[in-house]
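What you see below is based on every heavy atom in this structure, not just the backbone, and it leaves out hydrogens, waters and symmetry mates. Order of appearance sets the numbers: ligands from 1, and atoms from 1 within every ligand. Nothing fancy with the numbering, it's 1 onward along the sequence.
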Amino acid sequence: MIVMKQDATEDEIQAVVDRVEGVGARTHRINGDELTVLGVLGDREHVMRLELEGAAGVDKLVPILKPYKLASSQIRHGEPSVFEIGGRKIGGSNFALIAGPCTVESREQTLGTAHTVAAAGATLFRGGAYKPRTSPYAFHGLGVEGLRLLAEAKAETGMPIVTELMDVRDLEPVLEVADVIQIGARNMQNYTLLTELGRAGRPVLLKRGLSATLEELLNASEYILKEGNEHVLLCERGIRTFETAYRFTLDLTAVPVLKELTHLPVIVDPSHAAGRRDLVQPLSLAAAAVGADGIIVEVHPNPDEAICDGPQQLVADEFAAYAEKVGQAAAVAGKTISTLAAAA
Ligand code: PEP
Ligand code: MN
């Protein structure tokens, strides 16, 4: 990592980039509020031989010892990343409330839910058109037709869309509608898929694998960052433990620990962790209070009839009251739910 001086000129920064790239290494420029940092990926010996410590505009060279470099908090000097997605800010003091059905099932269900969560001040709209299901015989989503309904929801409500991509062959149609591409827990270590997403450049919500360590999650994010895509949101969605009383164990300790290790925003999914509607609100409040940068939660107009994950989906009619409570808990941690109005 090359830390430039606060008063380094554009020409000085470019000269350093040219010299580093001249020995076959790659640079990732990070423009902080106060100074510019160049992340260097390549042969350490070759770069050290350039003796950049004395070069014009260079303050110091600092090695990053973590296996993940671009994801590390060190590279941004502890400053959190703040992204803007469809005019909504995420990260820092901006809390993202991401809500919508597990699966896009029908026009009425999708548009109805989108209007409800938009009216309650949600930040982004979620909905799966491609669904990873444990059983190969279960419903796997409406596919392209589901994407079309999400596009309609976006056109009607103005809400940016979060939707899952499972197979790189579906990347093109997903890119047409997704403002954020979700990578599900089961695909967290699908490294070829992550690399493609890094190249696609669209923001990614990367869910933690069912039994992945935080270091594995951060290394997975590095696959995306390394390709030049800076916009990765990490998501804690519950992990496998010995406990069987609920679907997964929501690891809320991961939130402050990740925030120490990385500059990337950390989102919590209480729905898939709990698997039970009655647990979703308490876990959401805890997640907001512990300092999460957002929540992704499932909402359905009539969960009893949902094709997928009915028992954990919040009832749409109750979402506004839920959102208000989450907003209060986020305020405890110094954050405000981000909407278009708040960003303006
Ligand atoms: C989902 O968010 O719809 C989902 C399938 O989540 P996960 O990948 O965390 O199981
Ligand atoms: Mn689901």
Ser72 and His263, any side-chain heavy atoms less than 4.5 Å apart | no

Pick out which of Thr336, Val326, Ile90, Thr123 makes a side-chain contact (heavy atoms from CB on, under 4.5 Å) with Phe95.
-> Val326

Closer than 2.8 Å to the Mn ion (ligand 2) - protein N, O or S atoms, ordered by chain and residue number = Cys102 SG, His272 NE2, Glu298 OE2, Asp309 OD2

Between Arg107 and Leu111, is there a donor-acceptor pair closer than 3.5 Å when you use the side chain of the first and the backbone of the second?
-> no

Mind checking whether Met166 and Asn187 have side chains closer than 4.5 Å, heavy atoms only?
-> yes

Matching residue for Phe125 among Thr163, Ile98, Val299, Thr113 - test: side-chain contact (heavy atoms from CB on, under 4.5 Å) = Thr113

Heavy atoms, side chains only, cut-off 4.5 Å: are Gln312 and Arg247 in contact?
-> yes

Side chains of residues 279-293: which donor-acceptor partners sit under 3.5 Å, not counting sequence neighbours?
unit_1: Ser284; atom_1: OG; unit_2: Val280; atom_2: O; d: 2.6
unit_1: Ser284; atom_1: OG; unit_2: Tyr322; atom_2: OH; d: 2.7
unit_1: Asp293; atom_1: OD1; unit_2: Lys259; atom_2: NZ; d: 3.3
unit_1: Asp293; atom_1: OD1; unit_2: Lys335; atom_2: NZ; d: 3.0
unit_1: Asp293; atom_1: OD2; unit_2: Lys259; atom_2: NZ; d: 2.5
unit_1: Asp293; atom_1: OD2; unit_2: Val266; atom_2: N; d: 2.8

Using a threshold of 4.0 angstrom between heavy atoms of the protein and any atom of ligand 1, which residues qualify?
-> Arg126, Lys131, Pro132, Glu164, Gln182, Gly184, Ala185, Arg186, Lys207, Arg237, His272, Glu298

Show me the side-chain donor-acceptor pairs of residues 133-141 shorter than 3.5 Å, one per line, residues at least two apart or across chains.
unit_1: Arg133; atom_1: NH1; unit_2: Phe139; atom_2: O; d: 3.0
unit_1: Ser135; atom_1: OG; unit_2: Tyr137; atom_2: N; d: 3.0
unit_1: His140; atom_1: ND1; unit_2: Ala138; atom_2: O; d: 2.6

Validate the cation-pi geometry between Arg276 and Tyr246: distance from NZ or CZ to the six-membered ring centre under 6.0 Å, angle to the ring axis within 45°.
-> no

